[in-house]
2 protein chains.
Amino acid sequence: MHLNNSQNSKPMFDHFLANKPNPIKNNKLRSLKTGQPIFYEGDTARGLYEVVEGVVRNYKLTADGRRQIVSFGYPGDIIGINHDGCHHNDCDAISDVTLKAIDQKTDTDFAYSLIRYTAAELTLMHEHFLLLGRKSAMEKVASFLNVLQNRIGKRDGKSVCYDLPMNRTDIADYLGLSIETVSRCFSKLRQEGIIGLPQINQVCIYDLGALQGLTEVEH
Amino acid sequence: MHLNNSQNSKPMFDHFLANKPNPIKNNKLRSLKTGQPIFYEGDTARGLYEVVEGVVRNYKLTADGRRQIVSFGYPGDIIGINHDGCHHNDCDAISDVTLKAIDQKTDTDFAYSLIRYTAAELTLMHEHFLLLGRKSAMEKVASFLNVLQNRIGKRDGKSVCYDLPMNRTDIADYLGLSIETVSRCFSKLRQEGIIGLPQINQVCIYDLGALQGLTEVEH
DNA sequence: CGCCTGTTTGAGTTGGGTCAAAGAGAGTGG
DNA sequence: CCACTCTCTTTGACCCAACTCAAACAGGCG
C-alpha cells in the first residue's frame, strides 16, 4: 500500500486534485507534535503528504461529538487525497509525526501509482465495512490486532509484538465500540493467554492462530 | 461522482490496474439480467466497467455467510476498480443492467478523472463509516433515504419520490442492520407521515426536513 | 505525595438482534 | 377467475451483546 514514487520531475500540475497553489515546497518535510491538527473537514486542500514518521488519524465527527476514525496513517501512507480541492475529514497527529509534501508532477507513472494507491485504500475500506457492519466486538478487536500485526508486527521469538500509538478511545472510535468494550476484549484475550500487554500501549501476540480464529467466528 | 471520460484514444495500457488483456472490446456494451453475477472476489480483473443502466451491488461475505454491501452502483458509477489485477469483493446485478467496458487508454486526463473518481468514492465511504460505526438504526435508515433522494429523487409536487431497486435484505446488509429493524424504521417513518411507500419498492418523502433532522439526532 | 489522565472492572439497562407468525403480492395452473 | 404456493415484508415477543454509569486502579509528573 505504499506509493511507488517515480523520480523524474516535470512541470507542476495540480488540476487533478486540489486546484490551489501548494504553499509547501516540494519534498519539504513538516514536523508535528503529538495531538497537533494537520487539517480539518472543510479546509482547502493544499496538496498531498506522505507520512514519513509517526501515525496520524483521519476521522469524521457528528454535530453532537460522536467520532468515527476512518483510518490510521502509518509511514508510507498518503494523506490529503480529495476530489474537489477541500478536505472531507479531520486529520491529526497521534504521535510525533513527520510529513513529506508530495510533488504533484505531470508524470503519468505518478498518476497510475496514485490510482493504484487509492484503489488499494478502497479495498481495505471494503474490509473495514464488513468489520463495522457485521462483526461482533471480539471479532472487531481480534481483526484490528491482526491487521496491525501484519503491518507493523515484529517477530520476537515465538510471539509477534508491536506498539499501539493510539489510545483505547481511538481504537473504540475506529471499531465503532465503546472504550469499555475494547478494554474488556483486551482483558479477555490477555486472560486466555492469546496476547500480552507488557506496557499499556504495547501488544504481544502469543497465539497468532487463536487470534486469527477469532477474527471471524462461525455464527 | 461520474467519470469525466475524455474522448481522444491512444495506445492501450493496462499496467495501472489489471495487467491482463481485456477480453471485452472497447465501449462494447454488456447486458445482464436481475440477479446475475458480474464478478466474484478473487476473480482476475478484466478491466473497468461503467454502469449505464440499472443498479449493481458490491459486497463482502464472511465464511459463515454474513454479508456487508459496500456500495450500490448506479448509472455513471464505475465498477471493477482494483490495485492488483484481481477483485476483492463480489458484484452482481440487482436489476437488469447494462455495462460499458471502459477504454483504458494512456490518456493522462483519463487517469486524473479516475483519480478524482476514486477520491470521491473514498469521501463517500468515510461518510458511510460514520453511519456504520456511530449511528442508530433510525439515523442509518434516514441517512440512507436522504442520500438516495439526493442522487435519484424526482420532485413530485411537494414530495420527492424514487424507486428502491434493492430489497429489504440488501438495505439491511448495506446499513449493518437486520431486515426486521429496517422494516420497523420504515414503518415508523410512514406512521409519522415523513415518508410514504405507495409500492413496496417506491419511496415518497413528504417531509424532507424532518427526514434530514433524523439523519443525525442529538444524543 | 497528590493530582490528573487514561484504563479496567462491575452493575444495570437497552437498542437492536433472533425467532416466530401473520400479511401481502406475484406467479402458476386447474 | 380463483385457489394455492412461494417469496418478501411486517409485526410481535423475547433476549442478549454491548452500551452507560460509576467506581476502582495505575502510571506519569510536578
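Residue numbers begin at 1 in each chain, while the letters A, B, ... track the order of the sequences. What you see is a predicted model, and the numbers here were worked out from it, not measured in a lab.
Counting to the nearest Å, the P atom of C:dG6 and the CZ atom of A:Phe186 are 16 Å from each other. Residue A:Lys188 contributes atom NZ, which lies 12 Å from atom C1' of D:dA17 at whole-angstrom precision. Going from atom CD of B:Gln191 over to atom C1' of D:dG12 covers 13 Å, rounded to whole Å. Here D:dT7 presents its P atom at 16 Å from CD1 of B:Ile200, a figure rounded to the nearest Å. A:Arg66 places its CZ atom 10 Å from the P atom of D:dT20, with the value rounded to the nearest Å. Between the CG atom of B:Asn201 and the C1' atom of C:dA26 there is a distance of 12 Å, given to the nearest Å. We find that CE of A:Met166 is positioned 16 Å from P of C:dG6, with the value rounded to whole Å. Distance CZ (B:Arg190) to C1' (D:dT10): 9 Å, rounded to an integer number of Å.
Comparing atom distances between the B:Ser187 side chain and each of D:dA18, C:dT9, D:dT11 picks out D:dT11 as nearest. Closest to the B:Thr169 side chain, of the nucleotides D:dT9, C:dT7, C:dG16, is D:dT9.
Between B:Glu216 atom CD and A:Asp64 atom CG the span is 6.5 Å, to the nearest 0.5 Å.
Contacts with DNA chain D (heavy atom under 4.0 Å) in residues 174-184 of chain A: A:Gly176, A:Leu177, A:Ser178, A:Glu180, A:Thr181, A:Arg184, listed by number. Proximity of residues 139-149 of chain A to DNA chain D (heavy atom under 4.0 angstrom from any strand atom) is not detected for any residue.
Of the N and O atoms on the side chains of A:Asp163 and A:Gln202, at least one donor lies less than 3.5 Å from an acceptor on the other residue.
Each of B:Asp90, B:Asn58, B:Asn82 was compared with B:Phe39 under the side chain to side chain contact (heavy atoms under 4.5 Å, CB included) criterion, and only B:Asn58 meets it. Paired with B:Gln212 under the rule side chain to side chain contact (heavy atoms under 4.5 Å, CB included), one option of B:Leu145, B:Asp207, B:Asn146 passes, and it is B:Asn146.
A cation-pi arrangement is present between B:Arg168 and B:Phe186 under the rule of less than 6.0 angstrom and at most 45 degrees off the ring axis.
Under the 30°/60° scheme for interplanar angles, the aromatic rings of B:Phe72 and B:Phe144 are found to be tilted.
Aromatic pair A:Tyr174/A:His128: centroids less than 6.0 angstrom apart.
Applying the salt bridge (charged side-chain N to carboxylate O under 4.0 Å, His left out) rule to A:Asp92 yields the partners A:Arg57; only residues at least two apart in sequence or on another chain are considered.
When all heavy atoms of A:Lys33 and A:Ala93 are compared, the pair lying nearest together is O-CB, 3.7 Å.
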